[in-house]
Q: 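I'd like to ask you about the structure that follows.
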Amino acid sequence: MPEKALTLLSPIESVKGFGSARTEALSKLKINTVGQFLNYFPRKHLDRTTVTPISKLKKNFHSTIIGVVEASDLRQGKRRKYFQAILSDGTGIIKLTWFNGANYIKKSIKIGDRLAVSGKIDFYNGLQIIHPEYDKLQENEDPLNSGSIIPLYSVSAELKESGLDNQRIRRSIKLIFDLLIEVPDYFSDSFKKKYGLINLDQAIRNIHFADSTDKLNKAIHRLKFDEHFFLQILMALRRSSVKQIKTKPFKKIGPYLKIILDNLDFELTVSQKKVIKEIKDDMARSYSMNRLLQGDVGSGKTIVAILASVIAVTNNAQIAVMAPTEILANQHFKAFKKLLDNIQVTCATLVGGAPKKERKSILKGLENGQINIIIGTHALIQQDVKFKKLGLVVVDEQHRFGVIQRGNLISKGLNPHLLAMTATPIPRTLAITYHGDMDVSIIDEMPKNRIPIITKVVDQYRLSKVYSFIQDEVSEGKQCMVIYPLVEETEKSDLAAAVEMHTYLSEKIFKDLNVGLIHGRMKKTEKDSIMNAYANNEIQILISTTVIEVGIDIPNATVMVIEHADRFGLTQLHQLRGRVGRGINKSYCILVCRKITENSKKRLKIMESTNDGFVVSDEDLKIRGPGEFFGIKQSGFIKYRIADMINDGPILREARKAAFGIVKEDLNLEKSENSLIRNYFINEYQDKLHETNIS
Ligand code: ADP
Ligand code: MG
C-alpha cells in the first residue's frame with residue numbers, strides 16, 4: 001500500500017487514473033482538487049441493506065432490487081421506441097422499461113450485467129419499473145458487496161464520455177480515501193460536542209461509503225450543518241459589516257409626522273403602527289438601518305414608506321424611493337405627493353424616458369438638495385444622478401432588483417438607511433437564508449375594511465358566462481382587468497394574444513363599453529394616458545400584459561380575469577389578484593385555464609382556497625422549489641451541495657445560532673481559534689467577500 005500523500009488541496013490529476021479527458025470533464029464542473037471531487041456528493045444512495053427479493057415485491061411500493069439482466073431489447077411502441085430489460089434475481093423476474101433515452105440506455109445495459117435498481121413497482125403484464133434508478137455492479141466491487149449502501153452520482157454525458165460512470169467515480173473515491181491524509185476539522189471538539197456533530201473526516205468518508213444507515217445519516221447531518229453554517233457566517237459578517245457602519249441618527253420627530261397622520265383618511269392597523277415604530281427606532285440609532293418590510297399585497301406598505309420618509313426629511317436628509325416599473329413609480333409618486341403637499345415637502349419623479357430638460361432640472365434639484373424625495377425606477381441608479389444628502393433608500397418590491405442595483409443606489413449616499421419592501425411573504429427558513437443579514441419587519445394584518453376576494457378557476461368553455469358577469473359588474477359602475485401572461489420579453493406571441501383579445505372583446509363582446517389595452521412596449525405617455533383613463537373610469541375593461549403586476553391601485557376595479565392562469569406561479573397570481581379588492585366592493589378573481597392538467601388544477605385550487613399570501617407562497621415554494629420561486633435574479637445565489645433550505649429547518653436554525661454566536665464574539669473572525677473557520681469561509685465564499693469586512 002502506497003503511503004498516504006493526498007490532501008484536499010491536491011490537484012485531481014495527481015490521482016492515478018485521472019488523465020486529461022477526465023480532468024477536463026471534471027473541471028467543467030468546477031472540480032479541480034481532491035477536496036472538490038470529494039465534495040461531489042452522491043445525489044442519492046441505493047440502500048442495499050434493504051434489498052427486496054423480486055418474489056416479495058408489492059405494487060406501488062418503492063423498492064430496491066439486485067439481479068442479473070437476462071434479456072434486453074429495443075422495441076417499437078405505438079408512438080416511439082422504448083428499451084426493455086428483464087431482470088432476474090432467482091426468486092422472480094421484473095421488467096425494466098425506459099421510454100426516454102432508450103438508445104442511450106441500450107448502449108449501457110447488456111445481458112449478464114448485475115444491476116441494483118430502485119423505483120416504484122408497477123404491474124403491466126407482470127412486474128415492471130418504469131425509468132428505474134439503476135446502477136451496474138461488479139462481483140468484486142469492494143466495499144460494495146456486503147450489504148452496504150451504494151452511492152449514486154450525477155453522471156453527465158460529458159463525465160460518462162470521459163469514462164467516469166458511477167462505477168469509476170466510486171472506485172476513484174475509494175482510491176483517494178486510501179491515500180488521503182486525515183481531513184483536518186475546522187470545528188473544535190467542544191463545538192462539535194455542543195452541536196452533536198461527527199468529525200469532518202468521518203463525514204466525508206461516510207457520505208460516500210457508509211456501512212450503515214445510521215453512519216450515513218450522521219454524515220449527512222454534519223455536511224448539511226456545515227453548508228448552512230458557512231452561509232450563515234456570510235450573513236453574520238454582512239450584518240456586522242453593516243452594523244459597524246456609523247451614520248447620522250434620525251433623532252428628531254418634528255411636527256410633520258403628526259400632520260400627516262391627522263390627515264389620513266383611514267386608521268393605521270396595529271401591524272402598521274408596530275413596523276413604523278421599529279423603523280423609527282432603528283433610524284434613530286447611529287448605525288445604518290438594514291431592514292426588510294414584508295407585507296402581503298394590499299397590507300399598506302406605502303404609507304409606512306411615506307412615514308419613514310417624513311422622519312428622514314425632518315432630520316434634513318434626502319430620500320430615494322426605487323420601484324421596479326414606471327407605472328408603480330408613478331403611483332407611488334401620487335401617493336407621496338398627496339400627503340406631502342400638506343407639509344410642503346418637495347417630491348419629484350425620475351423614470352427612464354423622462355424628457356431631457358425635465359431630467360436636467362431634477363438632477364440639479366437632487367444635487368443642490370432642493371428636492372427632498374425622489375421616486376423612480378432603475379433610472380435612479382444612473383451615474384449622473386447625485387444627491388446632496390441621501391439619508392434613506394426605499395426599495396419597493398425588492399426581489400425585483402439585484403443586490404448590486406440596490407447597492408448602487410445606496411452608494412449615492414453616505415451610509416444611508418435602507419428600507420427594502422416586499423409583498424412576497426416568504427417562509428421563515430427562507431427568510432433566514434436569503435435575508436439573514438437584514439432585520440425583518442412584518443405587517444401581518446390587512447386593513448379592516450377589506451372584503452376577501454372570491455377566486456374561481458374556470459375553463460375556457462365557460463368564458464361566455466364570465467363575460468356576462470363582467471357586463472353585470474360594469475353596469476353597476478365597476479371595472480375589470482384582463483391579464484395576459486408575458487413570460488419573457490421575447491414572447492411576442494403573448495403580446496399578440498393580448499392585442500387580438502382586445503380586438504375581439506371590444507368589437508364582439510363589449511361593443512358598448514370602452515375596452516383599453518396596455519402593455520410594456522407602449523410609450524410612457526401612452527401608458528400614462530391609458531392608466532389615467534382607467535383610474536377615471538373612462539375605460540371600464542383594461543386588457544394588459546403583466547406590466548400591471550405590481551402595485552397598481554384602482555379601488556373601483558372589482559373583477560380580475562387572468563388568462564392562461566396555469567402559466568403563472570402561485571405567488572405571481574396572488575400578486576395579480578391583489579390588484580382588486582382594494583375598495584369597499586366585493587371583488588372577484590377569475591383564473592382562466594386553457595390547458596388544464598391534473599397538476600395545474602390542484603395548484604390553482606390553492607388560490608381558490610385562501611387569500612393568505614403566506615399560505616400561497618409556502619405552497620408555491622413546495623411546488624416550484626427555491627430556484628424558480630426566487631426568479632432568475634437570485635437563484636444563482638446559493639447552490640447547495642447537500643443542504644436543503646425547505647426541509648432543513650432545525651439544522652439551519654442551529655447552524656445560524658452557532659454562526660452568529662461566533663461572529664458576535666469575533667466580528668471579523670480574527671481570533672486564532674477561528675482561523676480555520678475563517679480560511680474555509682474565504683475559500684468557499686471568495687466572490688462574496690466584498691460584502692464583508694474580510695479580505
Ligand atoms: P401594498 O402593501 O400592497 O403596497 P398599499 O400601500 O398600496 O399596499 O395599500 C393599498 C391600499 O390600502 C391603498 O389604497 C392604501 O391607501 C390603503 N391603506 C393602507 N393602509 C390602510 C389602512 N390602515 N386602512 C385602510 N386602508 C389602508
Ligand atoms: Mg406596494
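Counting starts at 1 for both ligands and their atoms, in listed order.
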Q: Would you mind running through ligand 1 and noting each atom that sits below 4.0 Å from a heavy atom of Asp296?
A: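 Every atom of ligand 1 under 4.0 Å from some heavy atom of Asp296: 2 (O).
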
Q: Check if Lys448 has a non-hydrogen atom at a distance under 4.0 Å from any atom of ligand 1.
A: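 Contact check Lys448 vs ligand 1: negative.
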
Q: Could you tell me which atoms of ligand 1, counted from 1 in the order shown, lie closer than 4.0 angstrom to a heavy atom of Glu267?
A: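 Close to Glu267: 22 (C), 23 (N), 24 (N).
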
Q: Find all atoms of ligand 1 within a distance of less than 4.0 Å from any non-hydrogen atom belonging to Leu268, and give their numbers and elements.
A: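 Taking each heavy atom of Leu268 in turn, ligand 1 has 23 (N) under 4.0 Å.
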
Q: Which atoms from ligand 1 have a heavy atom of Thr302 less than 4.0 Å away?
A: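 That gives atoms 4 (O), 5 (P), 6 (O), 7 (O) of ligand 1.
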
Q: I want to confirm something. Looking only at heavy atoms, which of Lys301, Glu445, Gln575 is nearest to atom 2 (O) of ligand 1?
A: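 The option holding the nearest heavy atom is Lys301.
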
Q: For Arg450, which part has a heavy atom under 4.0 Å from ligand 1: side chain, backbone, both, or neither?
A: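 For Arg450, the contact with ligand 1 is made by the side chain alone.
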
Q: Kindly confirm or rule out an N or O of Gly300 lying under 3.5 angstrom from an N or O of ligand 1.
A: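 Between Gly300 and ligand 1, an N or O pair is found under 3.5 Å apart.
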
Q: Does an N or O anywhere in Val297 fall below 3.5 Å from an N or O of ligand 1?
A: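 No.
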
Q: Is the shortest distance from a heavy atom of Ser299 to ligand 1 less than 4.0 Å?
A: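 Yes, Ser299 has heavy atoms under 4.0 Å from ligand 1.
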
Q: Less than 4.0 Å between a side-chain N and a carboxylate O, is that true for Glu608 and Lys601?
A: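 Salt bridge flag = no for Glu608 with Lys601.
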
Q: Check Ser587 against Ala557 and note the closest heavy-atom contact, atom names and distance.
A: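 Reported closest heavy-atom pair: OG-O, 4.0 Å.
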
Q: Going by an N to O cut-off under 4.0 Å, is there a salt bridge joining Asp281 and Arg285?
A: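 Looking at Asp281 and Arg285, the cut-off is not met.
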
Q: Touching ligand 1 at all, Ala423? Heavy atoms, strictly under 4.0 Å?
A: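 Distance cut 4.0 Å: Ala423 fails for ligand 1.
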
Q: Would you mind writing out the side-chain donor-acceptor pairs for residues 310-323 within the sub-3.5 Å range, not counting sequence neighbours?
A:
{"unit_1": "Thr314", "atom_1": "OG1", "unit_2": "Val310", "atom_2": "O", "d": "2.7"}
{"unit_1": "Asn315", "atom_1": "OD1", "unit_2": "Lys251", "atom_2": "N", "d": "3.0"}
{"unit_1": "Asn315", "atom_1": "OD1", "unit_2": "Lys252", "atom_2": "N", "d": "2.8"}
{"unit_1": "Asn315", "atom_1": "ND2", "unit_2": "Lys252", "atom_2": "O", "d": "3.0"}
{"unit_1": "Asn315", "atom_1": "ND2", "unit_2": "Ile311", "atom_2": "O", "d": "2.8"}
{"unit_1": "Asn316", "atom_1": "OD1", "unit_2": "Lys389", "atom_2": "NZ", "d": "2.9"}
{"unit_1": "Gln318", "atom_1": "OE1", "unit_2": "Lys388", "atom_2": "N", "d": "2.9"}
{"unit_1": "Gln318", "atom_1": "OE1", "unit_2": "Lys389", "atom_2": "N", "d": "2.8"}
{"unit_1": "Gln318", "atom_1": "NE2", "unit_2": "Leu366", "atom_2": "O", "d": "3.0"}
{"unit_1": "Gln318", "atom_1": "NE2", "unit_2": "Ile371", "atom_2": "O", "d": "2.9"}

Q: Test Gln460 against every option in Glu563, Arg594, His564 by the side-chain hydrogen bond (donor to acceptor under 3.5 Å, both in side chains) rule and name the one that passes.
A: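 One option only clears the test, and that one is Arg594.
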
Q: Side chain, backbone, both or neither: which applies to Thr269 and ligand 1 if a contact is any heavy-atom pair less than 4.0 Å apart?
A: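 Under 4.0 Å from ligand 1, Thr269 contributes backbone and side-chain atoms.
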
Q: Side chains of Asn585 and Thr558: any donor to acceptor distance under 3.5 Å?
A: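 Side chains of Thr558 and Asn585: no pair found under 3.5 Å.
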
Q: So, the side chain of Asp459 versus the backbone of Cys593: is there a donor-acceptor pair under 3.5 Å, distance only?
A: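 Looks like no, no N/O pair under 3.5 Å.
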
Q: Under 4.5 Å between any side-chain heavy atoms of Leu652 and Gln232, yes or no?
A: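 In contact.
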
